2 protein chains.
Amino acid sequence: MEDKISLLNKHLKEKGLKSTRQRDLIVSEFFKRHQHLTVEELLERVRKIDQGIGYATVYRTLRLLTECGLAFKREFGGSARFEHSTDHHHDHLICLDCGKIVEFENDRIEKLQAEVCQKNRFKLINHKMELYGYCEKCHGKHHE
Amino acid sequence: MEDKISLLNKHLKEKGLKSTRQRDLIVSEFFKRHQHLTVEELLERVRKIDQGIGYATVYRTLRLLTECGLAFKREFGGSARFEHSTDHHHDHLICLDCGKIVEFENDRIEKLQAEVCQKNRFKLINHKMELYGYCEKCHGKHHE
DNA sequence: AAGAAATTGAAAATCAATATCAATTAGGAA
DNA sequence: TTCCTAATTGATATTGATTTTCAATTTCTT
Ligand SMILES: [Mn+2]
Ligand SMILES: [Mn+2]
Ligand SMILES: [Zn+2]
Ligand SMILES: [Zn+2]
């Protein structure tokens, strides 16, 4: 977390941007743990500490983090979610019932995706793979 | 196309829904060829034939087709796109420059996805896989 | 032909996200 | 420190896509 914040500060300096009480709070809450948060959820958390944080400021801060490569924006449907950026690419399993998100990496799939692109003469830039289903707990529920 | 329309009529009867001039036109334009159309694009086409079609009616008709399994809704970013439903599941390659959409099926990837779900004890319901990049033509352009 | 229920188009409402703007704040220069 | 300017903030308005509302019209069954 410290290195992430110093990377951000470096970015701010370079771009002539400023460090503010609100920005610092939002960033430090965001980096507390690796999760996939909506703007709304992060806003809720920072407001527990500073009542007056504006809605737009959270949007702006997450955009800033995304732009400087410290956060990834995910569009799973509904509101966008943001997570800490990671060294390795990963994809997601999403529970249709409770919303649980599980991350996975699968090199074999990635290789096959590259093959598909080659076959179709596409230069692959990025991809989105989301597996939707029911997590163990929720699947159990459905069978009473 | 005929069978699709008779399937739709069957669905309408069952649900006590009606066949209208507008609905029929929108449906027949939609089924003319297999494409991935936005509401806007389909509206444009039907308005060449009937000026007065309202855009809410196109939304409503595409929702109807989706609900009765005759259309798939795709969310590639920006406005939603709709395509004819197909027997076999397929995924998409999307050109970031010209928007070209190429369909593909890859059983090996599907198998691996199922494996990932098993490993994580998820019951897989559906998935989304979109490969974004540059088609041959557009990749060429970028290297002048 | 009559009547009930569905449908239509226009306009308003919704939802997530972005832009606007006056007031405030940060941080480098003096 | 104090000044100054540019960046930032929060509230609010706006946007873009989609859905809803509603009065007028149409369909379809009797
Ligand atoms: Mn993740
Ligand atoms: Mn398709
Ligand atoms: Zn679950
Ligand atoms: Zn292209």
Side-chain angles (χ1 to χ4, degrees), chain A residues 5 8-30 36-68 71-82 99, chain B residues 5 8-30 36-68 71-82 99:
Chain A
I5 287 177
L8 174 63
N9 287 331
K10 189 162 155 269
H11 178 91
L12 295 179
K13 269 267 160 57
E14 276 170 12
K15 303 269 178 176
L17 305 177
K18 293 170 179 173
S19 166
T20 68
R21 178 173 52 79
Q22 294 92 328
R23 195 115 94 184
D24 293 349
L25 172 57
I26 294 164
V27 168
S28 82
E29 280 303 305
F30 177 70
H36 303 80
L37 292 173
T38 62
V39 168
E40 210 66 41
E41 288 165 351
L42 184 53
L43 177 63
E44 208 175 304
R45 293 199 190 175
V46 296
R47 280 206 172 150
K48 281 189 183 145
I49 297 164
D50 182 336
Q51 207 50 59
I53 302 278
Y55 172 66
T57 304
V58 179
Y59 270 102
R60 288 188 279 235
T61 304
L62 285 171
R63 181 169 49 192
L64 173 67
L65 290 176
T66 303
E67 280 165 2
C68 68
F72 292 150
K73 183 180 188 174
R74 305 290 188 183
E75 324 237 30
F76 296 150
S79 311
R81 292 183 174 274
F82 295 83
Chain B
I5 287 177
L8 173 62
N9 288 332
K10 188 163 154 269
H11 178 91
L12 295 180
K13 269 266 160 60
E14 276 169 13
K15 302 267 179 180
L17 306 177
K18 293 170 180 173
S19 166
T20 67
R21 178 173 51 78
Q22 294 93 329
R23 196 117 92 182
D24 294 349
L25 173 57
I26 293 164
V27 168
S28 82
E29 280 302 305
F30 177 70
H36 303 80
L37 292 173
T38 62
V39 168
E40 209 66 43
E41 289 164 352
L42 184 53
L43 178 64
E44 210 176 304
R45 293 199 190 175
V46 297
R47 280 207 173 150
K48 282 189 182 144
I49 296 163
D50 182 336
Q51 208 49 58
I53 303 277
Y55 81 93
T57 304
V58 180
Y59 270 101
R60 288 189 278 234
T61 303
L62 285 171
R63 182 170 46 191
L64 173 67
L65 290 175
T66 303
E67 280 166 1
C68 67
F72 292 150
K73 182 178 190 176
R74 306 290 189 183
E75 323 239 27
F76 296 150
S79 311
R81 291 182 175 275
F82 294 83

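This structure is a prediction, so every number in the text was calculated from the model and none was measured. Per chain, numbering begins at 1; letters A, B, ... match sequence-line order.
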A:Arg63 atom CZ is separated from C:dA16 atom C1', nearest whole Å, by 13 Å
Taking every heavy atom of B:Val39 against every heavy atom of B:Tyr55, the minimum-distance pair comes out as CG1-O, 4.5 Å
Output for pair (B:Leu42 CG, B:Glu44 CD), nearest 0.5 Å, gives 10.0 Å
- Under 3.5 Å: donor-acceptor pair, side chain of A:Arg81, backbone of A:Glu75: no
Rounded to the nearest 0.5 Å, the NZ atom of B:Lys73 sits from the CD atom of B:Glu67 at a distance of 10.0 Å
| said: Quick check against the 3.5 Å criterion: does B:Arg23 have a side-chain atom that pairs as donor or acceptor with the backbone of B:Thr61? | reply: no
Here the distance between atom P of C:dG9 and atom OH of B:Tyr59, to the nearest Å, is 15 Å
Margin query: So B:Gly52, base contact, sugar-phosphate only, or nothing? Heavy-atom distance under 4.0 Å.
Written below: sugar-phosphate
Rounded to the nearest 0.5 angstrom, the CG-CG distance for A:Leu65 and A:Leu8 is 6.0 Å
Value for CZ (B:Phe82) from CG (B:Leu37), rounded to nearest 0.5 Å, stands at 10.0 Å
Separation between CZ (A:Arg47) and CD1 (A:Ile26), nearest 0.5 Å, reads 10.0 Å
note: A:Leu62, atom CG; C:dA17, atom C1'; distance rounded to Å ~ 12 Å
The correct set of residues in residues 40-50 of chain B placing a heavy atom under 4.0 Å from DNA chain D is none
Bounded by its outermost nucleotides with an atom under 4.0 Å from a heavy atom of chain A, the footprint on DNA chain D reads D:dA6 to D:dG10
One would report the end-axis bend of the helix from C:dA1-D:dT30 to C:dA30-D:dT1, five pairs per end and rounded to 10 degrees, as 20°
Taking C:dA16, C:dA6, C:dT18 as options, the one with an atom nearest any side-chain atom of B:Leu17 is C:dA6
Rounded to whole Å, CD of B:Gln22 lies from P of C:dT8 at a distance of 5 Å
Are any of the side-chain nitrogens in A:Lys48 or A:Glu29 under 4.0 Å away from the carboxylate oxygens of its partner?
no
From CD of B:Glu75 across to P of C:dA16 the rounded distance in Å is 14 Å
| request: Using only heavy-atom distances, determine whether the side chains of A:Asp24 and A:Ser19 contain a donor-acceptor pair under 3.5 Å. | output: yes
Note: A:Thr38 and A:Ser79 closest approach over all heavy atoms is CG2-CB, 4.2 Å
- Looking across every strand, which nucleic acid part, if any, lies under 4.0 Å from A:Arg60 by heavy atom: base, sugar-phosphate, or nothing? base
On DNA chain D, more 5' by nearest nucleotide between B:Lys18 and B:Arg81 is B:Arg81
Contacts of B:Lys13 and B:Ala56 projected onto DNA chain D by closest heavy atom; the upstream (5') one is B:Ala56
Review point. Under 4.0 Å: is that the gap between some side-chain N or O of B:Thr20 and OP1 or OP2 of C:dT8?
Key: yes
